[in-house]
Every structure is written in C-alpha cells, then in structure tokens.
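Here the structure comes first, spelled out in structure tokens, and everything after it is commentary.
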2 protein chains.
Amino acid sequence: MNDCNHWIETLQAHGYRLTRQRRLIIKILEESHEHLDAETLYDRVRACDESIGLATVYRTLSLLKQVGLVEEHRLGAEHSHFEATPETPHYHFTCRHCGRVIEFAAPEVLNVARELSAREGLHVTDVHLFLSGCCARCQKGETE
Amino acid sequence: MNDCNHWIETLQAHGYRLTRQRRLIIKILEESHEHLDAETLYDRVRACDESIGLATVYRTLSLLKQVGLVEEHRLGAEHSHFEATPETPHYHFTCRHCGRVIEFAAPEVLNVARELSAREGLHVTDVHLFLSGCCARCQKGETE
DNA sequence: ATTGAAAATGAGAATCATTCTCAGGTGGGA
DNA sequence: TCCCACCTGAGAATGATTCTCATTTTCAAT
Ligand SMILES: [Mn+2]
Ligand SMILES: [Mn+2]
Ligand SMILES: [Zn+2]
Ligand SMILES: [Zn+2]
C-alpha cells in the first residue's frame with residue numbers, strides 16, 4: 001500500500017527534487033485507486049495543504065506521467081483523468097449516461113500492437129483502448 | 001466518390017435542413033480521405049465560401065457525428081480530428097515526432113468489445129483504439 | 001550547519017479548442 | 001408565396017491546461 005518509496009526513488013533517479021507538494025500529490029495519487037481528474041486531485045491535496053497551487057498539480061501530473069508512474073486517460077470527458085500505472089495493462093469502458101468507468105484486461109490488444117509494430121517498423125509506446133456506451137444499470141433505469 | 005447523396009439523404013431522414021453550408025462541408029469532408037481537424041476543414045470550406053463561420057463548421061461536425069456519418073478521433077493532439085465513417089472499422093497510430101497517422105484494421109478488437117458487453121451486460125456504441133510512438137521513418141532521422 | 005545556484009512554486013494571466021448567445025437569415029412544408 | 005422553426009455569422013464566453021514571473025525551496029558542495 002505504502003509504496004511511495006518507489007515513486008520517490010524514481011523521481012530522484014530522474015534528477016527531480018523532492019518537494020513537500022510532490023510528496024503530498026504522490027501520497028494522494030497512490031492511496032486512491034480511482035481515475036482522478038486534476039481538479040479532484042487538487043481538492044484532495046488542498047485538504048492537507050491549503051497553500052498548494054493548481055499549476056503545481058498539473059506540473060506534477062505531467063512529470064509523473066513523463067517518468068511512467070502515472071497514466072493519463074481521455075475517458076470521454078473534455079478533461080483528462082489520471083491513475084497510477086498498473087502492473088498489468090488494462091483498458092476502460094465509460095457509460096455515457098452515468099459516467100461509470102469499468103476496467104478490463106485484454107491481452108489480445110498488445111498482440112495487435114506487436115504485429116503492427118513488426119509490419120510497419122514502428123516503436124509503439126502507448127496503447128489506449130477506450131469503449132463507451134450504456135452500462136447495464138442505465139439500460140434499465142434509462143437516463144439515470 | 002460522389003456519394004454526397006447518401007449523406008444528404010441521411011441528414012434529411014433525420015429531419016435536418018439542407019443548407020448551403022452543410023452541403024459544402026459535406027462535399028469537402030467526403031472528398032478528403034484524411035483526418036481533418038476543425039480548423040483545416042474551416043480553411044478548405046472558406047476557400048469555396050468566404051462567408052462561412054467557424055461555429056457552423058463545429059455545429060455541422062457535431063451533427064454529422066450524431067447521425068453517424070463522421071467519426072471524431074483524439075489522435076494525441078489537443079484538438080479533435082474527423083473523418084468519414086468507414087465501411088469497415090479501423091484504428092490509428094500516431095507518430096509523436098512527425099505526427100504521421102497510420103491506419104490499421106484489427107478485427108480482434110471487436111471481439112474484445114463483444115465479450116466485455118456480454119460479460120458485463122453493456123451496450124457498447126464506440127470503440128477507440130489508439131496507439132502512439134515513433135514511426136519507422138523517425139527512428140532513423142531522429143527528431144525529424 | 002551554511003551557502004548559493006538551479007529548480008520548483010503560487011497566483012493569476014494567457015492560450016486554445018470548443019460552445020454559447022443572439023440578432024438576422026433561410027429552407028421547405030402548407 | 002408565406003411563415004416560422006431551424007440555421008447562421010460574429011464574437012463573447014467557457015473550461016481545461018499552460019505559461020510567466022517574482023519569490024521560495026531543495027540539495028550538493030562547502
Ligand atoms: Mn484504470
Ligand atoms: Mn482513419
Ligand atoms: Zn451507466
Ligand atoms: Zn514519425
């Protein structure tokens with residue numbers, strides 16, 4: 001659970017400084033196993049440190065993404081959501097009605113990427129599979 | 001090539017009016033077999049009709065998307081790209097260096113969606129698979 | 001422990017794609 | 001032809017993210 005050390009070491013290994021703000025953001029991000037957007041993360045972080053700035057949240061997210069510790073997802077919304085990079089990759093379904101996000105694994109997808117890479121001589125660094133539609137719950141209640 | 005009729009009929013079938021602006025946008029969109037962003041489409045449309053407004057381009061794109069004639073893609077950029085809905089689905093790879101887009105088919109992906117739908121009772125309406133990385137060309141030239 | 005240069009921060013301005021507002025224009029059924 | 005609900009153009013507004021810059025803070029070297 002408290003694997004902050006790994007994050008911190010990674011940051012230092014890349015030559016980045018360990019600030020109070022970064023420590024806090026890392027803690028919140030790793031505690032939460034959700035898909036947070038910048039604003040939500042900002043609110044949670046403020047609950048601990050009133051003085052932190054939104055720009056710092058964005059800067060830290062982009063830094064963590066750069067070193068591979070977090071992933072950025074476009075879950076259908078106009079803004080981004082972030083989550084700690086999982087050990088095994090997974091993908092997302094979002095319900096257009098209630099916004100619920102369902103995660104799922106799909107090993108086939110990496111094969112697709114691998115075959116394409118081989119055929120076209122590409123170096124694929126990111127694979128995003130995103131489904132959307134109507135979740136089981138919303139198909140009954142209709143316009144929940 | 002000139003399948004505008006299908007587009008026009010679809011629009012009318014949905015009760016939308018056929019305006020000069022919509023006809024023109026449809027023509028440009030269907031002629032181009034590229035992934036146009038709103039601004040580029042706007043420029044091309046202006047070349048034929050100086051008076052058209054950007055808002056109309058956006059409104060028409062969203063309308064065409066709604067009736068299923070065009071697809072919107074997030075190809076890694078901060079803005080959207082649009083293309084005529086293809087007969088058979090395909091997906092995209094974008095080179096982070098030069099921006100080149102490579103299309104590819106991957107029937108397996110629909111199976112993944114089908115299995116998930118069955119397992120979770122979902123109704124999937126959109127499937128987006130997006131890869132990014134470095135294209136063959138850029139791997140040599142490096143920072144093209 | 002002290003120092004100093006480089007890196008990071010907070011506040012708010014700036015950016016940029018997209019949407020909205022609203023007054024005037026127009027398609028197409030009657 | 002007439003009418004009016006639907007469209008349009010222009011520009012303001014929005015909202016997420018990035019940038020600017022003056023002020024801290026980190027941390028490696030004293
Ligand atoms: Mn996830
Ligand atoms: Mn395409
Ligand atoms: Zn739902
Ligand atoms: Zn390239």
Side-chain angles (χ1 to χ4, degrees), chain A residues 7-28 35-67 69-82 99, chain B residues 4 7-28 35-67 70-82 99:
Chain A
W7 293 50
I8 288 174
E9 284 164 16
T10 303
L11 237 49
Q12 289 181 317
H14 283 259
Y16 293 112
R17 292 183 179 176
L18 270 183
T19 65
R20 173 172 47 87
Q21 295 88 340
R22 287 178 179 170
R23 286 175 190 278
L24 180 52
I25 291 172
I26 285 174
K27 185 163 81 68
I28 306 275
H35 302 92
L36 301 175
D37 54 32
E39 208 69 34
T40 304
L41 177 58
Y42 176 56
D43 290 342
R44 295 201 187 171
V45 153
R46 296 210 105 199
C48 294
D49 181 344
E50 185 70 29
S51 73
I52 211 166
L54 179 57
T56 297
V57 170
Y58 274 105
R59 283 187 286 237
T60 303
L61 281 172
S62 117
L63 178 158
L64 291 173
K65 187 175 131 191
Q66 193 169 325
V67 300
L69 290 171
V70 312
E71 289 180 352
E72 177 175 7
H73 299 295
R74 283 267 143 88
L75 298 179
E78 52 302 321
H79 56 270
S80 289
H81 289 255
F82 300 84
Chain B
C4 275
W7 293 52
I8 288 174
E9 285 163 17
T10 302
L11 237 49
Q12 290 182 316
H14 283 259
Y16 292 113
R17 292 185 178 173
L18 270 183
T19 65
R20 173 173 47 88
Q21 295 87 339
R22 286 178 179 169
R23 286 176 190 279
L24 179 54
I25 291 173
I26 285 174
K27 184 162 82 68
I28 306 278
H35 303 93
L36 301 175
D37 56 31
E39 208 69 34
T40 305
L41 177 57
Y42 177 56
D43 290 342
R44 295 201 187 172
V45 154
R46 294 209 107 197
C48 293
D49 179 344
E50 185 69 30
S51 75
I52 210 165
L54 179 57
T56 296
V57 170
Y58 275 105
R59 283 187 288 238
T60 302
L61 281 172
S62 120
L63 179 157
L64 292 173
K65 187 176 131 189
Q66 193 168 324
V67 300
V70 312
E71 288 180 353
E72 178 174 6
H73 299 295
R74 281 270 143 87
L75 299 178
E78 52 302 321
H79 57 270
S80 290
H81 289 254
F82 301 84

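Lettering follows sequence order; numbering is per chain, from 1.
Spacing between atom OH of B:Y42 and atom C1' of C:dT18 amounts to 14 Å, rounded to whole angstrom units. At whole-Å resolution of the value, CZ in B:R17 and P in C:dT26 are 12 Å apart. Remark: P of C:dT18 and CG of B:D37 are 8 Å apart, rounded to the nearest angstrom. If you measure from atom OH of B:Y58 to atom P of C:dA17, you get 7 Å, rounded to the nearest angstrom. Distance A:Y16 OH to C:dA7 P: 11 Å, rounded to the nearest Å. Between A:H14 atom NE2 and C:dA6 atom C1' the separation is 19 Å, expressed in whole Å. Per the geometry, CD belonging to B:E78 stands 13 Å off C1' belonging to C:dT18, to the nearest Å. Per the geometry, CD belonging to A:E50 stands 18 Å off P belonging to C:dT9, to the nearest Å.
In this structure, B:Y42 and B:I52 approach most closely via the heavy-atom pair CE1-O, 3.6 Å. Smallest separation of non-hydrogen atoms from A:L54 and A:A38: CD1-O, 4.5 Å. The two atoms that bring A:V57 and A:I25 nearest to each other are CA-CD1, 3.9 Å, heavy atoms only. When all heavy atoms of B:R20 and B:S51 are compared, the closest pair comes out as NH1-OG, 3.9 Å. Here the closest non-hydrogen pair linking B:R46 and B:E50 is NH2-O, 2.9 Å.
As judged by a 4.0 angstrom heavy-atom cut-off over every strand, B:R59 is placed among the base-contacting residues. Heavy atoms of B:S62 sit nowhere under 4.0 angstrom from any nucleic acid atom.
Using a 4.5 Å heavy-atom cutoff, the side chains of B:T56 and B:R59 are in contact.
Between B:E39 and B:T19, the residue anchored nearer the 5' end of DNA chain C, judged by the nucleotide with its closest heavy atom, is B:E39. Projected onto DNA chain C by closest heavy-atom contact, B:H79 and A:R22 fall at different nucleotides, the more 5' of which corresponds to A:R22.
A:H35 places no side-chain N or O within 3.5 Å of a backbone atom of A:H81 that could act as its donor or acceptor partner.
Taking five base pairs at each end of the helix from C:dA1-D:dT30 to C:dA30-D:dT1 and finding the rotation axis that steps the C1' atoms of four pairs onto the next four gives two axes whose angle is 30°, to the nearest 10°.
In this structure, CZ in B:F82 is found 10.5 Å from CG in B:L75, a value given to the nearest 0.5 Å. Interatomic distance, A:L63 CG to A:H14 NE2, rounded to the nearest 0.5 Å: 9.0 Å.
Bounding nucleotides for the chain A contact on DNA chain D, 5' to 3', at a heavy-atom distance below 4.0 Å, are D:dA16 to D:dC27.
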